[in-house]
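So the structure is just underneath, and the comments pick up after that.
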Amino acid sequence: AVLVGVPLVAPQFWVTLGNYIGLYSIVALGLVLLTGVAGQTSFGQAAFVGIGAYTTAILSAQYVISPWLSLGVGLALTLALALCLGFITLRMKGHYLPLATIAWGISLYFLFGTMASLGGHTGISGIPAISLFGWTLDDGGEIYYLIWAFLLVAMLTTHNLLDSREGRAIRALKGGRVMAEAMGVDTARARMIIFVIAALLACASGWLYAHMQRFVNPTPFGVHIGIEYLFMAVVGGAGYVWGAIVGAGVI
């Protein structure tokens with residue numbers, strides 16, 4: 001009831017703040033899975049947010065493709081990239097894994113800023129608003145509902161995943177790979193699953209961000225923002241689904 005009422009009675013500042021908390025919570029939710037539950041540290045989630053934002057910016061602004069279709073393309077691209085990066089980096093142990101996520105996070109950030117087709121540091125403007133059943137979400141109070149709908153669905157899905165047999169296998173990763181493997185858990189598969197899920201959540205957040213701002217440039221997708229996302233998950237309680245919203249709200 002509170003979420004529904006915010007755009008109706010609250011000042012515009014609070015609505016905008018609620019939009020950003022929702023967007024950041026979606027990314028932090030992936031880190032709750034990746035870091036809090038499975039014990040895998042990643043500083044590169046902001047780069048996946050950038051993939052979602054830039055994919056929809058190019059397709060919808062330059063090629064006039066429906067934002068909903070560009071969401072599917074962005075998720076497919078993120079899936080392929082996450083599988084490639086996960087295959088390489090998730091084999092690493094200790095501090096090498098966080099360092100690897102920093103490395104590819106910086107690489108993608110500089111890629112966004114140096115490619116002329118992506119607008120360089122000037123960015124891409126003219127991104128259209130999302131339309132839903134003929135309703136154009138061109139105002140912060142309107143896209144607010146879509147952002148929080150995405151977040152609540154993601155939270156429900158994550159909660160159900162963690163309560164499933166696969167979720168118990170993921171929880172076992174934090175206790176040590178040897179122990180989990182001794183109980184029959186395919187740790188490589190489980191680590192890849194949560195890495196991909198976290199990347200897809202970040203991509204969805206980037207898609208929403210691009211259509212809320214109607215403009216993208218590389219600044220929000222740097223490693224420093226990736227570190228903030230990790231702080232959000234930790235501050236809110238890295239092992240808890242609701243911690244994503246608490247951490248994003250506090251930060």
Indicate, with yes or no, if the rings of F43 and W104 have centres closer together than 6.0 Å. no
[atom1] of [X]: more than 12 outside heavy atoms within 6.0 angstrom?
| X | atom1 | result |
| --- | --- | --- |
| F231 | CZ | no |
| H121 | NE2 | yes |
| M179 | CE | no |

Would you check, one step at a time, whether the test side chain to side chain contact (heavy atoms under 4.5 Å, CB included) holds for V32 with W242? CA-CA 9 Å; V32 165; W242 285 98; over 6 Å; no
Taking the six-membered ring of F87 (Phe, Tyr or Trp), confirm whether the NZ or CZ of R91 is under 6.0 Å from its centre and within 45° of its axis. yes
Shortest non-hydrogen contact from [X] to [Y]?
| X | Y | value |
| --- | --- | --- |
| I130 | I143 | CD1-CD1, 4.4 Å |
| G141 | P7 | O-CB, 3.8 Å |
| L137 | A129 | O-CB, 3.6 Å |
| A61 | G126 | CB-O, 3.8 Å |
| G30 | A198 | O-CB, 3.5 Å |
| V223 | G105 | CG2-C, 3.9 Å |

Hey, could you give me the [atom1]/[atom2] distance between [X] and [Y], rounded to the nearest 0.5 Å?
| X | Y | atom1 | atom2 | value |
| --- | --- | --- | --- | --- |
| I193 | L34 | CD1 | CG | 13.0 Å |
| I194 | L162 | CD1 | CG | 10.0 Å |
| N19 | Q12 | CG | CD | 8.0 Å |
| T158 | D163 | OG1 | CG | 11.0 Å |
| Q45 | I26 | CD | CD1 | 13.0 Å |
| I21 | Y144 | CD1 | OH | 9.0 Å |

Could you check if a side-chain atom of [X] sits within less than 4.5 angstrom of a side-chain atom of [Y], using non-hydrogen atoms only?
| X | Y | result |
| --- | --- | --- |
| V27 | L201 | no |
| L132 | W68 | yes |
| V234 | L31 | no |
| T41 | T101 | no |
| F195 | Q40 | no |
| L17 | W14 | yes |
| S125 | R214 | no |
| S70 | Y63 | no |

Could you check whether the rings of W207 and H211 sit parallel, tilted or perpendicular, using 30° and 60° as the cut-offs? perpendicular
Would you call the rings of Y229 and Y24 parallel, tilted or perpendicular, taking 30° and 60° as the class edges? perpendicular
As a quick check of understanding, evaluate side chain to side chain contact (heavy atoms under 4.5 Å, CB included) for W148 and L151, giving each step before the final call. CA-CA 5 Å; W148 280 87; L151 174 58; 3.5 Å; yes
Would you check if the side chain of [X] reaches a backbone N or O of [Y] as a donor-acceptor pair within less than 3.5 Å?
| X | Y | value |
| --- | --- | --- |
| T56 | A53 | no |
| Q213 | Y209 | no |
| S164 | G167 | yes |
| T136 | D138 | no |

I65, L71, I127 screened by side-chain contact (heavy atoms from CB on, under 4.5 Å) with S60, the one that passes: I127
Taking 4.0 angstrom as the limit, do E166 and R171 come out as a salt bridge? no
Please evaluate residues M155 and I245 with respect to the criterion side chain to side chain contact (heavy atoms under 4.5 Å, CB included), reporting the C-alpha separation (whole Å), side-chain torsions for both, the decisive distance (0.1 Å), and the verdict. CA-CA 10 Å; M155 291 180 68; I245 294 181; 3.4 Å; yes
Look at the side-chain heavy atoms of Ile, Leu, Val, Met, Phe, Trp and Tyr, link any pair under 4.5 Å apart, and say whether [X] and [Y] land in one connected group.
| X | Y | answer |
| --- | --- | --- |
| Y20 | F215 | no |
| L77 | M115 | yes |
| V64 | I124 | no |
| F150 | L156 | no |
| Y240 | V153 | no |

Which is it for L152 and L3 under the side chain to side chain contact (heavy atoms under 4.5 Å, CB included) test, yes or no, and what are the steps along the way? CA-CA 11 Å; L152 294 176; L3 286 176; 4.1 Å; yes
